[in-house]
**Student:** 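Before I ask anything, here is the structure I am working with.
When a ligand or atom number is given, it counts from 1 through the structure's own listing order. Values in this document were obtained by computation on a predicted structure and should not be read as measured data.
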Amino acid sequence: MTPALIAYWVITILLFGVLFALARNFKMRLWARVLIGLGLGGAMGFAFGGGAAGCADGVACVPASSKFIGDAFVRLIRMLIVPLIFTTLTAGVIAMGDPKRLGSLGGRAIGLYVGTTIIAVSLGLVFGLIFRPGIGIDLSAVGPDAVASVQGKLALAEASGGVVDRLLAIIPQNPVAALASTDVLAIIFWAILFGVGILMAGERGKPVASVIESAAEAVLKVTEIVMEVAPYGVYALMAWVISTQGLDIIVNLGKLAMALYLACFVHAIVTYGSIIRFVVNLPVRRFFGGIVDALAVAYSTASSNATLPVTIANVSENLGVDKSVAGSVLPLGATINMDGTSIYLGLIALFASQALGIPLDAGDYLMIALTATLASIGAAGIPSAGLLLAATVLSVFGVTAEQSVLIIALIFPFDRLLDMMRTATNVTGDAAVAVTVAKWEGALDEEVFKAKSVA
Ligand code: ASP
């Protein structure tokens with residue numbers, strides 16, 4: 001027990017007490033407590049990271065000692081993914097009443113997902129041209145251990161099969177196994193068909209319909225319970241991330257980080273903001289205010305899959321999106337819609353071309369945009385998935401396999417802070433599309449959107 005460790009824990013316990021009192025005695029809203037947890041965790045990570053607190057030279061940073069609280073929170077929300085997708089999506093299909101509505105809903109959602117992704121990749125390329133993050137990068141500094149570890153991760157990612165296999169895997173051979181392995185797309189497939197089956201069964205389907213509907217309500221209540229842990233979990237995750245990589249990234253990949261953060265902000269505010277303001281005619285601040293919890297959880301966990309239960313709860317409860325839309329559009333979005341990841345892939349392509357001195361022509365840009373779009377659709381909503389997919393994008397303009405391993409290994413140790421931002425952007429995109437589709441489908445309660453959301 002070092003003095004720094006004792007000090008860290010004393011302060012942490014005090015701060016947790018304050019967070020608890022804010023909830024209990026001052027009835028402070030959850031989103032505000034989550035934001036406070038995020039800020040305090042970041043500040044503590046900064047204060048206790050490196051230097052006197054001793055996380056240099058391979059010694060674990062002091063704040064890493066509370067990471068288990070963050071891990072427990074992540075486990076708690078991951079626990080909700082399967083029951084929540086299955087019940088809300090099946091209940092959603094039942095609530096639609098007519099299976100034909102699924103076609104227009106799905107078509108509109110996918111159209112918006114692809115459209116915003118194309119804008120995102122273009123933004124990534126533009127910011128890469130403006131910031132030139134790869135100029136002056138020294139690739140010879142990457143050590144053999146880092147290269148070997150990335151090679152292993154890439155081999156694992158490739159072993160997951162080609163495009164056709166992955167498409168086939170959407171059809172679960174055993175729905176129970178799909179549920180057991182949190183196979184989101186396969187669960188979506190089964191839940192939709194099951195909902196349609198219940199509708200087709202008419203009167204005789206009613207008993208199971210009401211069981212599923214009440215189960216969906218109950219699981220959303222469990223989400224509320226779990227979210228009470230969010231301020232503490234987010235604190236612990238932030239303290240850990242900032243203490244382990246806060247300053248390093250600024251020193252090593254400052255321009256890349258700046259370009260990504262700015263591009264993501266611009267995409268969130270200009271692209272999604274315009275959609276909310278001009279396409280669905282709703283106040284933008286309330287949109288962002290309503291999804292603060294989801295944004296904080298996405299930012300601290302770097303996983304849009306893990307955030308999914310919070311996104312569903314926020315979008316349906318704060319933004320008035322009907323559960324039939326939230327339950328179907330959001331799980332699909334968490335799996336295929338990743339605009340932050342697309343921005344990142346565009347940026348990394350330019351980073352690599354600049355670091356390696358490979359000139360790009362118009363055809364290369366087009367190929368980068370195309371592969372980055374497809375790669376982001378294929379990316380899983382888990383930490384670092386986007387970076388591992390960069391190899392596919394780099395290969396289209398003549399980067400060799402060895403060179404892309406070098407580029408990825410250079411970024412990998414600092415990826416988490418970048419991942420956090422792109423995940424928050426991914427989740428914002430899912431929510432914006434859910435609101436838009438709900439409005440178009442007549443499934444948006446504007447009273448709730450305007451009244452209940454925060455900010
Ligand atoms: N971590 C991101 C997500 O879960 C994916 C990525 O690595 O870009 O949304």
Side-chain angles (χ1 to χ4, degrees), residues 70 73-74 77-78 80-81 85 113 116-117 120-121 123-124 127-128 150 153-154 156-157 160 166 182-185 234 237-238 241 245 249 253 256-257 259-261 263-264 267-268 272 291 294-312 314 329-349 351 371-394 404 407-409 411-434:
F73 171 61
V74 172
I77 44 176
R78 292 193 78 89
L80 298 164
I81 297 177
I85 302 179
Y113 283 152
T116 50
T117 300
V121 182
L123 263 180
F127 274 74
V150 162
K153 291 194 172 78
L154 285 172
L156 264 182
S160 63
R166 289 219 245 139
T182 319
D183 188 346
V184 175
L185 285 178
V234 163
L237 289 171
M238 284 303 290
V241 171
Q245 13 184 284
I249 185 155
L253 295 169
L256 182 65
L260 179 77
Y261 269 65
C264 285
H267 191 54
Y272 305 139
I291 55 168
L295 291 183
V297 173
Y299 191 72
S300 52
T301 60
S303 165
S304 32
N305 268 5
T307 313
L308 184 56
V310 190
T311 322
I312 294 180
N314 275 182
V329 170
L330 292 172
L332 189 67
T335 343
I336 69 165
N337 181 49
M338 306 218 172
D339 289 0
T341 307
S342 316
I343 292 176
Y344 189 54
L345 289 171
L347 262 177
I348 292 202
F351 177 88
T371 40
T373 304
L374 292 176
S376 76
I377 292 174
I382 53 173
S384 281
L387 179 57
L388 294 177
L389 278 169
T392 326
V393 180
L394 300 187
S404 58
I407 295 277
I408 295 173
I411 303 176
F412 203 85
F414 315 105
D415 189 49
R416 179 78 183 202
L417 270 170
L418 305 175
D419 200 357
M420 291 156 65
M421 188 62 195
R422 51 187 202 260
T423 308
T425 312
N426 293 344
V427 167
T428 313
D430 299 341
V433 169

**Student:** Using a 4.5 Å cut-off on heavy atoms from C-beta on, say whether the side chain of Asp415 contacts that of Arg422.
**Tutor:** yes

**Student:** Tyr272 pairs by side-chain hydrogen bond (donor to acceptor under 3.5 Å, both in side chains) with which of Thr428, Asp339, Thr425?
**Tutor:** Asp339

**Student:** Identify which one of Asn337, Leu374, Ile336 satisfies the side chain to side chain contact (heavy atoms under 4.5 Å, CB included) criterion when paired with Thr117.
**Tutor:** Asn337

**Student:** Please determine which of Thr311, Thr335, Val427, Val433 meets the side chain to side chain contact (heavy atoms under 4.5 Å, CB included) test together with Leu330.
**Tutor:** Thr311

**Student:** Tell me, which residues have any heavy atom less than 4.0 Å from some atom of ligand 1?
**Tutor:** Ala302, Ser303, Ser304, Met338, Thr341, Ala380, Gly381, Ile382, Pro383, Ser384, Ala385, Gly386, Asp419, Arg422, Thr423, Asn426

**Student:** List the steps, then state whether side chain to side chain contact (heavy atoms under 4.5 Å, CB included) holds for Leu387 with Ile411.
**Tutor:** CA-CA 8 Å; Leu387 179 57; Ile411 303 176; 4.2 Å; yes

**Student:** Do Thr341 and Ser376 have side-chain N/O donor and acceptor atoms under 3.5 Å apart?
**Tutor:** no

